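Just so you know, these numbers use all the heavy atoms, side chains as well, and skip hydrogens, waters and symmetry mates. Keep in mind the model is a prediction, meaning the values are calculated, not measured.
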Amino acid sequence: HVQLLEWTDNKWEVLSKSLILVAPSIYEAFGIVFLEAGVTRIPVIASKVEGIPEVITDNVTGFLITPRDYKSFARKIVELFNDSILL
């Protein structure tokens, strides 16, 4: 199941139910959500924009994708679901 979420005050509940955090952001100044996902050990797939690469190291603490490259986002999601070690 995929959920597209708006703002929530209950982020820890949402993160605790998540398998992957996908953030195809075009603009992202701070990247705090990626730190929060790291605390809960949720794999992250995010755009390689602005402050995100300062928080996510590609192929180490998450996966960085070129912005607007929806096919690469989709491939990485499928790859994570098919690899029990990565997920």
Side-chain angles (χ1 to χ4, degrees):
H1 298 285
V2 174
Q3 290 183 324
L4 302 176
L5 303 174
E6 295 181 1
W7 178 262
T8 180
D9 291 322
N10 212 352
K11 63 185 167 193
W12 297 112
E13 181 181 342
V14 172
L15 287 172
S16 72
K17 295 177 182 177
S18 301
L19 293 178
I20 301 172
L21 173 67
V22 179
S25 305
I26 297 171
Y27 307 104
E28 183 68 50
F30 300 111
I32 294 171
V33 68
F34 308 113
L35 298 174
E36 294 167 339
V39 167
T40 56
R41 305 192 51 83
I42 297 169
V44 173
I45 305 170
S47 297
K48 194 180 334 181
V49 296
E50 297 185 335
I52 296 174
E54 294 178 22
V55 180
I56 299 295
T57 302
D58 194 26
N59 293 309
V60 177
T61 58
F63 303 96
L64 296 174
I65 307 293
T66 302
R68 295 186 172 100
D69 184 355
Y70 65 90
K71 289 182 181 180
S72 290
F73 272 96
R75 278 192 294 271
K76 186 56 72 175
I77 291 167
V78 171
E79 180 184 336
L80 280 176
F81 272 113
N82 289 327
D83 190 331
S84 62
I85 294 172
L86 292 176
L87 190 60

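Criterion: ILVMFWY side-chain heavy atoms under 4.5 Å apart, direct or through other members. Under it, V33 and V49 are part of a common hydrophobic cluster. Linking Ile, Leu, Val, Met, Phe, Trp and Tyr whenever their side-chain heavy atoms come within less than 4.5 Å puts L19 and L80 in one cluster.
Taking Ile, Leu, Val, Met, Phe, Trp and Tyr as members and joining any whose side-chain heavy atoms lie under 4.5 Å apart, directly or through other members, the hydrophobic cluster of Y27 also contains I26. Hydrophobic cluster membership for F30: I32 (Ile, Leu, Val, Met, Phe, Trp, Tyr linked by side-chain heavy atoms under 4.5 Å, directly or transitively). When hydrophobic side chains of Ile, Leu, Val, Met, Phe, Trp and Tyr are connected at separations under 4.5 Å, W7 ends up as a singleton with no cluster partners.
Residue pairs meeting the side-chain hydrogen bond (donor to acceptor under 3.5 Å, both in side chains) criterion with at least one partner in residues 42-54, sequence neighbours excluded, do not occur; the list is empty. The salt bridge (Lys or Arg N to Asp or Glu O under 4.0 Å) contacts involving residues 18-32 comprise nothing, where partners must be two or more places apart or lie in separate chains.
Side-chain contact between T61 and V44 is absent, with no heavy atoms from C-beta onward closer than 4.5 Å. Residues Y70 and I65 fail the side-chain proximity criterion, which asks for heavy atoms closer than 4.5 Å.
In terms of the side chain to side chain contact (heavy atoms under 4.5 Å, CB included) criterion, residue partners of I42 (sequence neighbours excluded) are, by chain and number, L15, S18, L21, A37, T40. Every residue was checked against the side-chain hydrogen bond (donor to acceptor under 3.5 Å, both in side chains) condition with N59, not counting sequence neighbours, and none meets it. By the side-chain hydrogen bond (donor to acceptor under 3.5 Å, both in side chains) test, R75 pairs with S72, sequence neighbours left out. Shown here are the side-chain hydrogen bond (donor to acceptor under 3.5 Å, both in side chains) partners of D58, two or more places apart in sequence or in another chain: there are none. Take N10 and apply the side chain to side chain contact (heavy atoms under 4.5 Å, CB included) test, not counting sequence neighbours, and it matches T8, E13. Remark: E36 pairs with K11 by the side-chain hydrogen bond (donor to acceptor under 3.5 Å, both in side chains) rule, at least two apart or across chains.
A46 and I52 get closest at one heavy-atom pair: CB-CG2, 3.8 Å. Annotation for F34 and I56: closest pair CB-CD1, 3.7 Å, computed over non-hydrogen atoms.
Under the 3.5 Å distance criterion, the side-chain polar atoms of D83 are left unmatched by any main-chain donor or acceptor of E79.
Atoms OG1 and CG, on T57 and L64 in that order, are 8.0 Å from each other to the nearest 0.5 Å.
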